[in-house]
Amino acid sequence: MIIATWNVNSISVRLPQLIDWLQTHKPNVVCLQETKTVDDKFPFEKLSEVGYNCEFFGERSYNGVAILSDRPIMNVRKGFIDGDEQSQKRLIEAEIDSVHIINVYIPNGSAVGSSKYEFKLDWLQRLHHHIAHNHDMNKQLVLCGDFNIATEDIDCYNAELVKGTIMVSDAERSSLDQVKALGFVDTFRMHNKEAGQFSWWDYRMGCFRRNMGFRIDHIWASESLASQCESVFIDKAPRKMERPSDHAPVVAKFN
DNA sequence: ATGGTGGATGGTCCA
């Protein structure tokens with residue numbers, strides 16, 4: 001089973017690129033973030049035409065997540081089971097061929113110390129609670145998406161320069177570490193040990209051209225599933241195209 | 001120098 005995650009930054013703008021990409025890579029499961037559209041406008045017909053079922057949880061202008069699959073998508077749940085999510089559409093989960101998939105768009109957090117940063121930390125705590133109370137780490141479980149956190153210094157272009165700032169600050173890394181400690185493995189790091197491999201580059205200041213990026217899009221797996229992970233790669237090709245998303249897809253292959 | 005670029009929107013907000 002091939003599982004991918006991609007923050008598309010608007011499903012409507014990126015739909016042609018997404019369809020091309022699906023037909024090239026033929027992933028079995030694709031988790032999307034920042035679809036930025038209400039459910040009534042989600043282009044499920046066009047995705048159905050190329051062989052993908054869709055489940056989506058969107059809102060106007062911001063956020064929005066979706067799961068696509070060429071296999072039946074079962075037991076779909078949207079948002080946190082417990083507690084208020086302030087109406088932001090950032091989590092969708094489902095079961096596909098006995099693999100439980102949790103797709104998240106973790107809040108960006110804006111700047112350390114801001115109210116959005118506090119919201120990010122709170123959201124991470126709720127994610128921990130949600131998984132601890134609703135999932136079995138002994139099963140085949142995936143937690144993937146745009147985490148908006150570079151977990152290690154080698155996941156950002158200049159650790160000294162960005163030390164303590166958003167996406168790398170101690171508090172958010174610590175909160176995410178607690179989620180990981182439930183029993184997840186970072187599948188990318190099972191197979192790739194080198195520094196300087198990124199999944200997001202700011203649109204501004206020519207960051208992509210200068211490779212000023214961060215690895216913030218992740219595919220984590222429970223140990224039983226991680227043991228079946230053959231390979232993981234970041235596909236930079238879509239980021240090089242005209243009018244790209246600012247994120248590149250990450251693709252994991254399980255046998 | 002609080003920029004710069006892109007998306008949704010129709011003023012700015014968000015990333």
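Proteins get letters first, then strands, A, B, ... in listed order; numbering begins at 1 in each. Being a predicted model, the structure only gives us computed values, none of them experimental. Just the heavy atoms: all of them, side chains too, but no hydrogens, waters or symmetry mates, feed the values below.
- Side-chain atoms of A/Asp170 and A/Ser174 form no donor-acceptor pair, as typed in the model, at a separation below 3.5 Å.
- Comparing the same atom, C1', in B/dA1 and in B/dG11 gives a spacing of 25 Å after rounding to whole Å.
- Residue A/Thr37 is classed as having no contact, given no heavy-atom separation below 4.0 Å to the nucleic acid.
- Taking the C1' atoms as reference points, B/dG4 lies 13 Å from B/dA15, given to the whole Å.
- If you measure from atom CZ of A/Arg209 to atom P of B/dT5, you get 11 Å, rounded to the nearest angstrom.
- Partners of A/Asp177 by salt bridge (charged side-chain N to carboxylate O under 4.0 Å, His left out), not counting sequence neighbours: none found.
- For A/Phe198, the side chain to side chain contact (heavy atoms under 4.5 Å, CB included) partners two or more places apart in sequence, or in a different chain, are A/Tyr157, A/Trp201, A/Asn211.
- In this entry the distance linking CD of A/Gln33 with P of B/dG7 reads 17 Å, nearest Å.
- Take A/Asp136 and apply the side chain to side chain contact (heavy atoms under 4.5 Å, CB included) test, not counting sequence neighbours, and it matches A/Asn138, A/Lys139.
- Going from atom CD of A/Glu242 over to atom P of B/dT5 covers 15 Å, rounded to whole Å.
- A donor and an acceptor atom, one from each side chain of A/His130 and A/Gln125, are nowhere located under 3.5 Å apart.
- Qualifying side chain to side chain contact (heavy atoms under 4.5 Å, CB included) partners for A/Lys193, counting only residues two or more places apart in sequence or in other chains: none.
- Between the CZ atom of A/Arg14 and the P atom of B/dG6 there is a distance of 10 Å, rounded to whole Å.
- In this structure, A/Met241 atom CE and B/dG6 atom C1' are separated by 17 Å, rounded to whole Å.
- Rounded to whole Å, the distance from CD on A/Glu59 to C1' on B/dG7 is 14 Å.
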Report, one pair per line, the protein and nucleotides 12-15 of chain B atoms (nitrogen or oxygen only) whose separation is under 3.5 Å.
| unit_1 | atom_1 | unit_2 | atom_2 | d |
| --- | --- | --- | --- | --- |
| B/dC13 | O2 | A/Tyr62 | OH | 3.3 |
| B/dC14 | OP2 | A/Lys116 | NZ | 3.2 |

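- B/dC14 and B/dT9 have their P atoms separated by 14 Å, with the value rounded to a whole Å.
- As a member of the Ile/Leu/Val/Met/Phe/Trp/Tyr network built from side-chain separations under 4.5 Å, A/Met74 groups with nothing else and remains a singleton.
- When rounded to the nearest whole Å, the span between CE of A/Met205 and P of B/dT2 equals 14 Å.
- Look at A/Arg243 and you won't find any side-chain N or O under 4.0 angstrom from OP1 or OP2 of B/dT5.
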